[in-house]
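Values below: all heavy atoms of this structure, side chains included; hydrogens, waters and symmetry mates excluded.
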Amino acid sequence: MWIFSLISTTLFICTLVVEGQVEGDLRLAGRSNPKEGRLEIYHNTTWGTICDDGFGSPDANVACRQLGYRTSTSTSYTAAGGSDPIWLDSMGCDGSESRIDLCNHRGWKTHNCGHGEDVGVRCTGEYTLNGNWGTWSSWTTCSASCDSGFKTRNRLCNNPVRFSSISYCHGKSFEVLKCSTARCRVDGNWGTWSIWSVCNATCGGGVKIRTRNCNNPYPSAGGYTCSGMTEETLICAESNCPVNGGWSEWNGWSFCSTLCGTGNRTRTRLCDNPSPSYGGRICNGTSSDLDSWNTHECPVDGYWSGWSSWNICSATCDSGIQDRTRKCDAPQPINGGLYCNGTKIESRPCNNINCKIDGNWGTWSIWSACNATCGGGLKKRTRKCNNPYPSAGGYTCSGMAEETLLCAESNCPVNGGWSEWNGWSLCSSLCGSGNRTRTRLCDNPPQSDGGSFCNGNSSDLDICNTHECPVDGSWSGWSSWNTCSATCNGGIQDRTRKCDAPQPINGGLYCNGTMIESRPCNNNNCKVDGNWSTWSIWSVCNATCGGGVQIRTRNCNNPYPYNGGSTCSGMAEETLLCAESNCPVDGNWSGWSSWNICSATCDGGIQDRTRKCDSPNQSNGGLYCNGTMIESRSCNNINCEIDGQWGTWQEWEACNTTCGNGFKQRIRKCDSPAPYFGGSECIGLDFDTKTCYQDTCPVDGNWGGWSSWNICSATCNGGIQDRTRKCDAPQPINGGLYCNGTMIESRPFDGQWGTWQEWDACNTTCGNGTQQRIRKCDSPSPYFNGSECMGIDFDNKTCYQDICPDAQLQANEDTPNFISPVILGSVAVVFIVITAAITCISFFVFRRFRPGKVETRNINGRNTESLAELRVTTQENDYDCVRRVSRVQSNVYDTFNNESNVYVNTQITAATIETGAHVNIPCNAVNIDTSAIANILCNADNAATGAHANIPCTADNIETGAHANIPCNADNIATGAHANIPCTGDHVDEVYENLEMF
């Protein structure tokens with residue numbers, strides 16, 4: 001039985017490979033392309049699938065990065081075809097995770113999908129080793145010129161490239177930066193016309209209306225509003241309707257049948273509002289009306305008496321005045337009769353020769369107010385050469401007419417002023433309306449000398465990023481009220497608001513309510529200028545002698561001045577002299593008249609009042625009244641309202657686009673003059689637009705899709721496989737930029753393990769044996785310089801059978817002849833060992849040169865040497881987690897120390913082993929020095945052997961050159977065996993697959 005155990009152990013050691021899976025590992029299945037396939041994850045010792053629900057580009061990038069690909073442009077697709085279990089669903093990676101199982105998900109085996117939704121990924125980029133980040137790429141061009149775009153940059157884990165299971169570079173490979181956050185200027189465009197409204201009449205001609213809105217799109221961010229009409233009308237129901245007659249308004253009353261006393265007056269109306277037509281009824285009622293009019297006593301208008309003689313001239317030189325008078329007493333006006341028309345005093349210049357007068361200064365005026373309150377100002381006082389004025393060749397005054405004096409010399413307080421706003425902060429949300437802020441400082445200038453701090457806020461809040469989220473529209477604030485449609489007697493003014501705070505986007509509801517609001521305005525009555533009535537008849541003369549006056553008057557009542565309208569221009573009264581026979585009477589002033597109407601309604605005018613030298617009038621040599629008959633004062637010193645008037649149009653601005661069709665604009669200002677003191681703004685728009693035409697716009701190129709991968713550049717020893725794309729979706733035209741990026745992409749093809757096969761039967765029917773199972777690196781096989789599968793391709797475990805019946809029998813048998821069994825046993829061992837060696841070699845050759853293994857051999861690293869190269873003892877294999885035993889000198893290949901992977905039947909306790917054996921030599925010796933070609937079993941303390949057959953030994957010293965199996969327990973064995981020596985002593989060397997065959 002030990003022979004069968006030996007054969008089993010030999011086969012086991014010939015195929016031993018380290019293998020293991022880690023929780024959360026990924027693999028791609030179902031495709032021959034190593035970068036593409038159904039995504040499967042290892043969990044709870046079982047491979048399972050992931051659903052494609054919510055699986056996007058960030059999830060695909062994380063998965064491909066975990067698989068070892070340097071990528072930021074991986075994609076996902078529905079691969080389907082997997083088998084239970086379905087481990088994950090609804091993945092939520094943000095792209096920064098290092099493993100897919102660290103992303104958000106619904107939980108292991110929690111899903112609502114079937115295998116028809118199994119997700120697959122297409123990885124891009126290179127497979128990496130000992131990854132370290134390369135430099136960042138330049139930022140890409142912003143994805144939008146306005147309305148908040150983004151720009152990106154990336155870096156590759158290629159400095160150096162990562163390979164196999166060494167950890168991926170730590171950190172993000174892809175960064176996004178917001179840019180162009182300013183709102184895009186959008187010109188308004190008309191939406192479609194509404195359907196026609198119902199006609200507003202059934203006959204006689206009605207109107208139906210249709211409307212359209214400037215909402216396709218709305219103008220925003222300073223864009224032009226739509227030009228044209230928002231409403232169209234269409235005449236309808238044009239057949240005539242029956243019209244019943246209706247009374248017009250009463251005409252005005254006729255003149256009274258008498259001017260005074262009691263009389264009658266009449267008024268009429270017509271049945272023409274409307275006239276009856278098309279069978280309509282005539283008006284009901286009378287067409288005339290009579291009214292008794294109780295008038296007042298008849299008025300008697302005044303009439304002038306004759307002029308008096310001219311009185312004495314008021315000056316002997318420099319032009320005096322002499323007057324004459326008349327009275328309104330021929331007859332005097334009574335019962336409201338009109339006063340005489342004309343003036344009761346008539347003046348004329350006299351003594352027009354000039355008097356010579358030297359000028360003399362008048363008194364100084366008081367000091368004026370200081371023209372500043374701080375920082376140094378001036379005040380002044382003046383005097384005039386008017387006490388008296390120089391005239392008729394008189395000398396003018398000598399000296400200064402004006403003096404100045406410094407004042408307010410203390411420093412002025414400086415009020416703080418705001419600096420310009422800083423730039424806007426990043427928006428608090430990528431969509432759905434976030435906030436951004438900006439700040440400013442009160443340092444332009446800073447507050448000083450007791451000045452006030454800046455008025456207003458130092459920070460500003462703005463709404464931003466309202467795009468890409470379903471947002472219901474909301475009204476912005478109302479605009480200012482527009483200009484009233486009338487300046488008086490009631491008009492209408494409108495204000496508008498826009499559904500843009502925010503606009504409805506992505507299916508959001510339009511704002512509820514109206515976008516136009518109206519209100520009445522300028523309800524004040526219009527100004528009405530006064531106009532004169534007809535003159536009254538002359539009044540009775542007011543005197544019987546000495547010159548009387550007759551008067552006639554007219555009233556400013558045809559119509560009256562109303563609501564600030566100007567009064568009538570001219571005299572309201574005319575006088576005529578009468579009773580001109582002289583009476584010696586001294587003149588005396590009557591009382592002052594009321595102040596007359598101001599000469600201006602604003603900006604300062606003059607109003608006068610008068611008195612007359614008629615209480616009594618001077619007559620027949622009597623003295624004229626002493627003093628002036630006219631007194632003046634300033635009035636209406638308020639500023640006049642100035643309505644704004646448009647200035648001339650400015651030049652047209654440049655076209656708003658450098659290519660294609662655009663618009664250009666010109667503006668005008670309400671400054672010729674600007675409105676002041678409550679005057680109205682200019683009526684009409686302050687801008688004008690027209691279409692402009694430019695050259696054809698440049699079109700930047702964009703990549704088309706990748707072609708299929710082409711044929712590998714080599715059939716073995718590593719090649720490159722490429723695919724290409726063209727800059728034709730679209731091609732750059734009219735000076736547009738060529739596509740950014742490369743047009744050629746290359747890739748390798750790594751191997752992935754298939755599933756484990758079933759366990760083989762136990763290699764013995766009794767006693768302790770082993771079972772084995774294998775798997776193949778064919779899902780897919782490695783191609784194009786891709787890596788071999790990581791781990792070993794077989795697995796062993798111990799199997800326990802019943803105790804063998806030979807063991808007990810052999811123990812009880814006597815051996816009559818010692819030499820014969822030994823010889824026979826040795827021969828048997830030789831044949832068995834030869835058989836085992838041939839089997840091992842065949843098995844090895846099959847594994848070494850099976851399809852997919854001929855071209856490339858890479859068990860757990862990057863060894864791709866041929867068999868000839870494997871015989872070079874100085875060739876160093878590149879394994880993961882490998883270190884060589886420090887005291888091994890050997891022609892054995894691919895040995896390494898893995899303290900976690902010691903298997904059954906490899907127990908050796910030797911501290912130092914020097915060997916060149918070709919086959920397995922299990923030993924317990926402390927020092928073995930052997931040249932045996934086969935296994936040597938020994939128990940001697942010191943065995944030097946070159947035996948060719950199986951020689952079990954118990955002697956203290958054995959010299960042999962046997963080629964057979966030699967298990968040994970000796971302390972010191974010198975051997976030249978060419979086989980592998982597994983050990984479990986101080987240093988454990990596990991033998992893998994590279995053997996020099998003989």
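Remark: Arg27 fails to qualify as a cation-pi partner of Trp753 under the 6.0 Å distance and 45° angle criteria applied to the six-membered ring. No cation-pi contact links Lys726 to Trp703, judged by a cut-off of 6.0 Å to the six-membered ring centre and 45° from its axis.
A donor-acceptor pair is defined here as one N or O able to donate and one able to accept, closer than 3.5 Å; such a pair exists between the side chain of Arg65 and the backbone of Glu97. Under a 3.5 Å cut-off, the side chain of Thr140 and the backbone N or O of Thr152 do form a donor-acceptor pair. Judged by distance alone, the side chain of Ser57 and the main-chain N or O of Thr75 form no donor-acceptor pair under 3.5 Å. Between the side chain of Arg725 and the backbone N or O of Thr742 there is at least one donor-acceptor pair closer than 3.5 Å. Side chain of Asp94 to backbone of Ser96: a donor-acceptor contact under 3.5 angstrom is found. Side-chain N or O atoms of Asp760 include none that pairs as donor or acceptor with a backbone N or O of Gln771 at under 3.5 Å. Without hydrogens or angle criteria, Asn61 side chain to Ser74 main chain gives a donor-acceptor distance under 3.5 Å. Formation of a donor-acceptor pair under 3.5 Å by the Asp722 side chain with backbone atoms of Ile744 is not found in this model.
No donor-acceptor contact under 3.5 angstrom links the side chains of Asn44 and Thr46, judged on distance only. When only modelled atom types and interatomic distance are considered, Thr78 and Asp52 share a side-chain donor-acceptor pair under 3.5 Å. One side chain, His115 or Asp84, offers a donor N or O that lies under 3.5 Å from an acceptor on the other.
At a threshold of 4.5 Å between non-hydrogen side-chain atoms, the residues Ile86 and Cys113 count as touching. Counting heavy atoms from C-beta outward, Pro730 and Asn702 have side chains that approach closer than 4.5 Å. Between Lys797 and Gln772 the shortest side-chain heavy-atom distance does not fall below 4.5 Å. The side-chain heavy atoms of Trp709 and Glu745, taken from C-beta on, include a pair separated by under 4.5 Å. Put simply, the side chain of Thr49 does not reach to within 4.5 Å of the side chain of Leu39, judged on heavy atoms. Asp25 has its side chain out of reach of Ile41: every pair of non-hydrogen atoms, C-beta onward, lies at least 4.5 Å apart. At a threshold of 4.5 Å between non-hydrogen side-chain atoms, the residues Asp700 and Tyr738 do not count as touching.
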(request) Please lay out, stage by stage, how Trp47 and Thr755 fare under the test side-chain contact (heavy atoms from CB on, under 4.5 Å). (result) CA-CA 9 Å; Trp47 289 99; Thr755 56; over 6 Å; no
(message) Met743 vs Thr724, test: side-chain contact (heavy atoms from CB on, under 4.5 Å). Steps then yes/no.
(response) CA-CA 5 Å; Met743 64 186 297; Thr724 60; 5.6 Å; no
(request) Run the numbers on Asp793 and Arg775 for salt bridge (Lys or Arg N to Asp or Glu O under 4.0 Å), then give the verdict. (result) CA-CA 5 Å; Asp793 61 354; Arg775 59 179 177 176; over 6 Å; no
(request) In sequence, state the C-alpha distance, the side-chain angles, and the governing distance for Thr770 and Cys762, and then conclude on side-chain contact (heavy atoms from CB on, under 4.5 Å). (result) CA-CA 6 Å; Thr770 60; Cys762 190; over 6 Å; no
(request) Start with the C-alpha gap between Cys777 and Glu788, add the side-chain angles, then the distance that decides, and say whether side-chain contact (heavy atoms from CB on, under 4.5 Å) holds. (result) CA-CA 7 Å; Cys777 188; Glu788 281 279 354; 3.9 Å; yes
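Classified by interplanar angle (parallel below 30°, tilted 30° to 60°, perpendicular above 60°), the ring pair Trp87/His43 is perpendicular.
Between Gly751 and Cys789, the shortest heavy-atom distance links the atoms C-SG, 3.5 Å. Residues Ile100 and Val62 approach most closely at N-CG1, 3.8 Å, considering heavy atoms. Of all non-hydrogen atoms in Lys35 and Thr124, the two that sit nearest each other are NZ-C, 4.3 Å. Nearest heavy atoms, Leu67 versus Cys123: CD1-SG, 4.3 Å. Of all the heavy atoms in Asp59 and Met91, the pair that sits closest is OD1-CB, 3.5 Å. Taking each heavy atom of Ser98 and Gln66 in turn, the nearest pair found is O-CB, 3.8 Å.
Salt bridge Arg106/Asp89: present, at least one basic N to carboxylate O contact under 4.0 Å.
Residue Tyr42 holds its OH atom at 13.0 Å from CG of Leu26, rounded to the nearest 0.5 Å. Between the CZ atom of Arg723 and the CH2 atom of Trp706 there is a distance of 6.0 Å, given to the nearest 0.5 Å. For the atom pair CH2 of Trp759 and CD1 of Ile774, the computed distance is 11.5 Å after rounding to the nearest 0.5 Å. Asn465 CG to Cys431 SG: the interatomic distance, rounded to the nearest 0.5 Å, is 8.0 Å. For the atom pair Cys51 SG and Asn112 CG, the distance stands at 7.0 Å (nearest 0.5 Å). A distance of 9.5 Å separates SG in Cys179 from CH2 in Trp139, rounded to the nearest 0.5 Å.
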